[in-house]
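Would you mind keeping the following structure in view while I ask a few things?
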Amino acid sequence: MHAYNRLPSSGHNSPSSPPSSPVSRSPRLRHRSSASGRPGRPAPKTLAQRLAWILLSVLLKRQGIFLFAPLLYISFILFYMGTVSFDVVPVIKHRPAPGSVYRSPQLYAKLRPEMDSDNFSVDTISTIWKHSYKGGEWRPCTKKSSGGLPESNGYIYVEANGGLNQQRTSICNAVAVAGYLNATLVIPHFHFHSIWRDPSKFGDIYDEEFFVKALENDVRIVETVPGYIMERFDYNMSNVYNFRIKAWSSINYYRDSVLPKLLEEKIIRISPFANRLSFDAPPPVQRLRCLANYQALRFSSSISALGNTLVSRMKERSANNSGKYISVHLRFEEDMVAFSCCIYDGGDGEKRDMDAARERGWKGKFTKPGRVIRPGAIRLNGKCPLTPLEVGLMLRGMGFDKSTSIFLASGRIYDSERHMAPLLEMFPLLQTKEMLASAEELAPFQNYSSRMAAIDYTVCLHSEVFVTTQGGNFPHFLLGHRRYLYGGHSRTIRPDKRKLALLFDNPNIGWKSFKRQMLNMRAHSDSKGIELKRPNDSIYSFPCPDCMCRINKTEDSRSSSVT
């Protein structure tokens, strides 16, 4: 006996008829019914239709349509492609990896019309340092000793390696070590380097007499080792015991390992000697470093005379900006471009030049088996030297216009005629030491890279704005020296080269957007102008607080200026 259906009749079941079996509602059963001639859906006519119908039935029953949807989609695409003619092969455009193509010339061509028509009304060079004295200024406060020195424990002879400022590191560290060990320092010997190829001696670059006099109450300094000591070594310095000291060794290592040998031998040699003393040192060691770097080291009279002359000439050419000018340290020499492994125009000529420069300077270093060089990744990581064009775009975006005077500190620019042209278009008042000085004035320094670098250093030191583009010892020393001179503020623009790489690689950026990014970068450099030294920072870049003391805003700021 069956229950009556309480729903309205559908015309198929009577009150006395039983409910339909679940099996009878199966698509498979309905298919069989249709195939046997019973009433239902019409049977598929072809084999393909039958297979498709069976597959669809299984999917509906198993609720797996979502699982097999990708397979169905691929089948549909393959079926569709079978109906398309391949007489015409589609063109697939390959986009180069980000950073792998040097796009700055195209960006310059696009931005130049708006850049030239942008009338920036603010006097940028006079208003750039908004945060210069926020929280007070700093002034030099390292004091010299006034008493006499105890008997010396022996002589220390060091060989300073590298270029001008790496040698400067060696000198200052040698003063600190000698003072700490109560030793007599022999005027450092400059090691001849295969890259800089400068045979200059200490007295050719620095005022030796002034150096000795400035430190006379803190460290004994002599020009030569007495004969009675050198007699034991046949008057040959190579016979003297040489310490091979690890980089960034602590001052305790010198006390525990070097001092006993010094007391035994009465003379020791340390070669090479550049970064052989850690930055994290006790106050007595830091005080000696400060004295050496900021008070005792002064360029020789010939270098200082020409350097100061060029500073005066730059100020004369900057009369429309109250004598204020920008200095830019541009590292785009051939050896620098070659060492970076970056690609610029990508032509055959550039490749030949770079391959030859790498082989001359580094003898197979870049062609070792298994070495992979990715120029695009190097550029995106901010390691590629900025080109003159990129420096010009950056500075124009920061608000400096054609009336701005620029001093360019650099060696011989790679392919200078081509690369310098856009920078000169953007800044026609640009000068170099070769443009400011006559051939006769430069002749005594022309073949000495360190002496030429010292002239650049002097002009950059006294500029209103210093722009560093690649890093290295030259800008690091200037960063700290300018802080020492200008109340603790470096007045230095340090661009974010990773961000610049992305901006220069963007062909769609407009002038207003680019300019906004550059102004933000300039403001960031300003806010970071005054920074305190952290434990592992270089005292030569961060003289506060080891070499300088804070003063209040109300005090006379002129007391912080050192000439």
Side-chain angles (χ1 to χ4, degrees), residues 94-104 159-167 169-170 190-199 242-249 270-276 278 329-388 390 410-416 418-419 449-450 453 468-476 496-498 500-502 504-505 536 538:
H94 173 69
R95 179 176 174 81
S100 61
V101 178
Y102 172 58
R103 304 179 189 275
S104 299
E159 291 186 5
N161 58 309
L164 174 70
N165 291 285
Q166 191 170 349
Q167 290 171 346
T169 304
S170 300
F190 289 172
H191 179 71
F192 183 81
H193 197 281
S194 60
I195 297 294
W196 288 276
R197 309 182 78 78
D198 189 335
N242 182 39
F243 268 95
R244 305 291 292 187
I245 297 176
K246 293 181 179 179
W248 318 116
S249 293
I270 307 176
S271 176
F273 188 82
N275 300 315
R276 294 299 187 268
S278 68
H329 182 226
L330 182 62
R331 296 303 313 274
F332 204 69
E333 302 92 348
E334 184 177 69
D335 62 332
M336 189 68 209
V337 177
F339 185 81
S340 72
C341 293
C342 299
I343 295 177
Y344 292 92
D345 68 8
D348 293 337
E350 180 184 289
K351 186 178 185 308
R352 284 195 301 271
D353 292 342
M354 296 300 102
D355 288 344
R358 290 181 193 119
E359 188 59 28
R360 280 196 309 271
W362 296 279
K363 303 279 184 197
K365 174 183 177 70
F366 299 97
T367 56
K368 291 180 180 178
R371 175 156 190 171
V372 178
I373 298 173
R374 297 183 176 88
I378 297 171
R379 178 169 280 114
L380 290 180
N381 199 29
K383 300 298 183 182
C384 285
L386 292 181
T387 66
E390 291 171 335
S410 175
R412 188 187 300 273
I413 300 296
Y414 170 61
D415 198 1
S416 61
R418 179 164 64 94
H419 284 116
S449 60
S450 292
T468 173
T469 65
Q470 184 62 19
N473 288 309
F474 185 94
H476 287 165
D496 183 341
K497 292 178 63 180
R498 289 190 178 119
L500 282 176
L502 295 175
F504 291 144
D505 195 46
N536 292 321
S538 167

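Residues: numbered from 1 along the sequence shown. This one's a predicted model, so the numbers in the text were calculated from it and none came from an experiment.
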More than 12 heavy atoms from other groups under 6.0 Å of CZ on Arg371: yes
Steps toward side-chain contact (heavy atoms from CB on, under 4.5 Å) verdict (Arg374, Val372): CA-CA 7 Å; Arg374 297 183 176 88; Val372 178; 3.7 Å; yes
Minimal non-hydrogen separation, Ala274 against Gln166, with atom names: CB-NE2, 3.5 Å
Nearest heavy-atom neighbours spanning Gln470 and Lys383: NE2-O, 3.4 Å
Salt bridge (Lys or Arg N to Asp or Glu O under 4.0 Å) partners for Asp345, two or more places apart: Arg418
Note, Arg360 side chain near Glu334 side chain (heavy atom, < 4.5 Å): yes
Atom of Ser410, atom of Leu330 and distance for their closest heavy-atom approach: OG-O, 3.2 Å
Any Cys384 side-chain heavy atom under 4.5 Å of Tyr344 side chain: yes
Verdict with reasoning, Arg352 to Asp348, per salt bridge (charged side-chain N to carboxylate O under 4.0 Å, His left out): CA-CA 6 Å; Arg352 284 195 301 271; Asp348 293 337; 5.2 Å; no
Contact check, side chains of Ser538 and His476, non-hydrogen atoms, under 4.5 Å: no
Distance (rounded to the nearest 0.5 Å) between Ser271 OG and Asn242 CG: 5.5 Å
Tyr414 side chain to Asp335 side chain, donor-acceptor N/O pair below 3.5 angstrom: no
Set of side chain to side chain contact (heavy atoms under 4.5 Å, CB included) partners for Ser416, sequence neighbours left out: Ile413, Met420
Nearest non-hydrogen partners of Gly364 and Glu359, listed with the distance: N-OE1, 3.5 Å
Backbone N/O of Ala338 and side chain of Arg358: donor-acceptor pair under 3.5 Å: yes
Worked check of side-chain contact (heavy atoms from CB on, under 4.5 Å) between Ile270 and Glu159: CA-CA 7 Å; Ile270 307 176; Glu159 291 186 5; over 6 Å; no
Smallest separation among heavy atoms of Cys342 and Pro385, with atom names: SG-CD, 4.2 Å
Any donor-acceptor pair under 3.5 Å from Ser170 side chain to Phe273 backbone: yes
Rounded distance (nearest 0.5 Å) linking atom CG of Asn275 with atom CG of Asn161: 8.0 Å
Value rounded to 0.5 Å, distance of CG in Asp505 from OH in Tyr102: 12.0 Å
Lys/Arg cation over aromatic Phe474: Arg331, 6.0 Å, 45° cone: no
Interatomic distance, Glu390 atom CD to Phe504 atom CZ [nearest 0.5 angstrom]: 5.0 Å
Pairwise distance CD1(Ile373) to CD1(Ile378) - rounded to 0.5 angstrom: 6.5 Å
Least distance between heavy atoms, Leu380 atom then Arg498 atom: O-CG, 3.5 Å
Spacing of Asp415 atom CG and Phe332 atom CZ [to the nearest 0.5 Å]: 8.5 Å
Of Thr387, Leu500, Leu386, the residue whose pairing with Thr469 passes side chain to side chain contact (heavy atoms under 4.5 Å, CB included): Leu386
side-chain contact (heavy atoms from CB on, under 4.5 Å) evaluation trace for Phe339 with Glu333: CA-CA 10 Å; Phe339 185 81; Glu333 302 92 348; over 6 Å; no
